[in-house]
2 protein chains.
Amino acid sequence: MASPRYRRLGRDERREQILAVARRMFTELPYTEVSTTAIAREAGVQRGLVHYYFGAKRELFLQVVRHLTATLATQLPPLPEGLLLEEMADLCVAHFLDAADANATTWFAAVDAEGFGQDPELMRIVNRTRDLTVEHLLKALRVPGPTDTLRAVLRAYSGLAEVATREWLQHKALNRAQAHTLLASSLLTLVRDIAPAVERS
Amino acid sequence: MASPRYRRLGRDERREQILAVARRMFTELPYTEVSTTAIAREAGVQRGLVHYYFGAKRELFLQVVRHLTATLATQLPPLPEGLLLEEMADLCVAHFLDAADANATTWFAAVDAEGFGQDPELMRIVNRTRDLTVEHLLKALRVPGPTDTLRAVLRAYSGLAEVATREWLQHKALNRAQAHTLLASSLLTLVRDIAPAVERS
DNA sequence: CAAGCTATTGGCGATGTGCCAATAACGTGT
DNA sequence: ACACGTTATTGGCACATCGCCAATAGCTTG
C-alpha cells in the first residue's frame, strides 16, 4: 500500500542520471569542492550507490571528462570539397568558434580539466581529443605530406586557439570577428609558411 | 640533559622550510594526492604546524603557485637597445626557451596549475603572470601603440608558446631549433601582420 | 635560574572516501 | 495472486584528511 521508499531504475538509466548530475557539478565547481555526498544528494540517491556504479570518485570524474571531450569531438563539421586553402581555413575556424560559443561552459570545463596536475590518464584523454582536432584540420586543409612536425605545429596552434577563444568569450578583449581574423590568418601562416620553415630547422 | 624532543625554529625559517617541501610535493603530484599529513611528515614536523602557518591546505597551495610564478617572472632578461624587430624577437624567444628549459619542472607545474578547475584566485595569479610576460614582450618589441587588442593577441601567442614548449620538452615532437623557429616567426607575423588586421576587424 | 614568549605538539570533531553485507523493489514463473 | 530470485539500493563500518585549539615545551631574556 505504502509507496516504496525508493524507485528502482535500470542499470544504464541510473548510471546516466548520476553521470548527468556529476557533469553539471564538475563543470560548475573545482574537483575538490565536489563531494560524492553532494552528487548523491542532488541525484536523490544514497552516496553508496555512486560508488557502486563508478567505484572511486576519480573514476567518475574521468567519465565526466571523457563525456565532455567526446561531445566536443562529435561536433566536427563535414568537409566540403574543392575549396581554396583560405576558404577552408575560414570555414574550419568558423565552425570551431560556433562550437565553442554553443558549448561555452562545457568547452572551458574540458579545457580546464587539462591542468589537473600531472594525472596521466587525464592527460591522455585530453591529448587524444586535441589530436583528433588536429587530424581533422589536416584532412580539411589537404596539406600534401602531413608530417609529424606539422602535427606538432598544429597542436601548438590549438594552444593559441584555446587562449584566443578565452579572450573572446571570457575576458572579452576580442569580439567574434577579431577572434576569427586572428585564428584564420594564424592558421594560414602556420600551415603555409611557418611549418615548412620549422621542418627545415 | 636529554636532547629536546623537537627543534624550535624561527617563524620565517620554519615557514620557508615547509614551503620548500610543499613546493616539491605539489610539483610532483596532483593536488588531491598531496596531504598535509605527508607534507608534515616530509618536513619532520606535526601536521598541526602546517595549519598553524598556512591555515588551510588550499592557502598553502596558492602560496606555492605564487612562488613558482614569481620565480619565473624574475627571470625576465634585460632589454638590449637598438635592435631590429627580428633580432629582438629572436632574443626574446631564445631567453624564453632557455628559461623554460632550465626550470622545466617548475615551469610545467606552474602552467599545469592553471586548469585547477575554476578557482578564481588561482586564475588571477596565473593570469597576472601571463600578463607580466606580455608586457615584457611589448616593451621589448617596442611596438608603437600597444593597444588592448595587441595584448589579447599576445596572450593568445603565449598559449601557442606554452604548447610549443611542451612539444619540445615533453612530447619531443620538436627539437630546440624547430621550437625556436616556430615561436620566433609566429611572434613576428602576429605582431607585424596579424595584430593590425585583427585591430581593423 | 626564574619567567615569559611562542613555536610546536597532540588530540577532538566534522567531513569525505571506499567498501560491503543487509535490504527491499521489481520482474518472472507458477 | 503469490512465492521466488535477481540485483538495485540502502545504511553503516573503518579509515584518512582537514581545520582548529588548548596544552606543552623549547628558547630567550632579565
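Computed from a prediction, not measured in an experiment: that's the story for all the values here. So that the names make sense, note that chain A is the first sequence line, chain B the second, and so on, each numbered from 1.
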Checklist line | B:Thr36 side-chain N/O to D:dC18 phosphate OP1/OP2 under 4.0 Å | finding: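 Checking B:Thr36 against D:dC18: at least one side-chain N or O falls below 4.0 Å of OP1 or OP2.
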Check: Above 12 or not: heavy atoms from other molecules or residues under 6.0 Å from CZ of B:Arg128?
Finding: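 At most 12 heavy atoms, drawn from other residues, nucleotides or ligands, come within 6.0 Å of this atom.
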Note to self: Using whole Å, what does the distance between atom P of nucleotide C:dT9 and atom OH of B:Tyr52 come to?
What the structure shows: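 Computing the B:Tyr52:OH to C:dT9:P distance gives 12 Å.
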Notebook entry, point to check: A:His51 NE2 to C:dG18 P: how many Å, rounded?
Noted result: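 Distance check: A:His51 NE2 to C:dG18 P gives 4 Å.
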Kindly point out which of [options] is positioned nearest to the side chain of [X]?
{"X": "B:Gln46", "options": "D:dT9, C:dG10, D:dT10", "result": "C:dG10"}
{"X": "A:Tyr53", "options": "C:dG16, D:dA8, C:dC26", "result": "D:dA8"}
{"X": "B:Leu9", "options": "D:dT9, C:dT8, C:dG16", "result": "C:dT8"}
{"X": "B:Ser35", "options": "C:dA25, D:dC18, C:dT8", "result": "D:dC18"}
{"X": "B:Arg8", "options": "D:dC18, D:dT9, D:dC27", "result": "D:dC27"}
{"X": "B:Pro4", "options": "D:dT10, D:dC27, D:dC18", "result": "D:dC27"}

Item checked: Residue whose nearest DNA chain D nucleotide is more 5′ - B:Tyr6 or B:Val34 ->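 The residue mapped nearer the 5' terminus is B:Val34.
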Margin query: Quick check: on DNA chain D, is the nucleotide nearest B:Arg7 upstream (toward 5') of the one nearest B:Gly48, or the reverse? Name the residue that is more 5'.
Written below: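 The answer here is B:Gly48.
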Note to self: Students often get this wrong, so: under 4.0 angstrom with heavy atoms, is A:Arg47 touching a base, only sugar-phosphate, or nothing?
What the structure shows: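 Base contact.
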Next item on the list: Applying side chain to side chain donor-acceptor pair (under 3.5 Å), name anything that partners B:Asp98, two or more places apart in sequence or on another chain.
Entry: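 Listed in chain order: B:Arg176.
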Margin query: I'd like to check A:Asp101 versus A:Thr165 (side-chain heavy atoms, cut-off strictly below 4.5 Å). Are they in contact?
Written below: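 Not touching, per the 4.5 Å side-chain cut-off.
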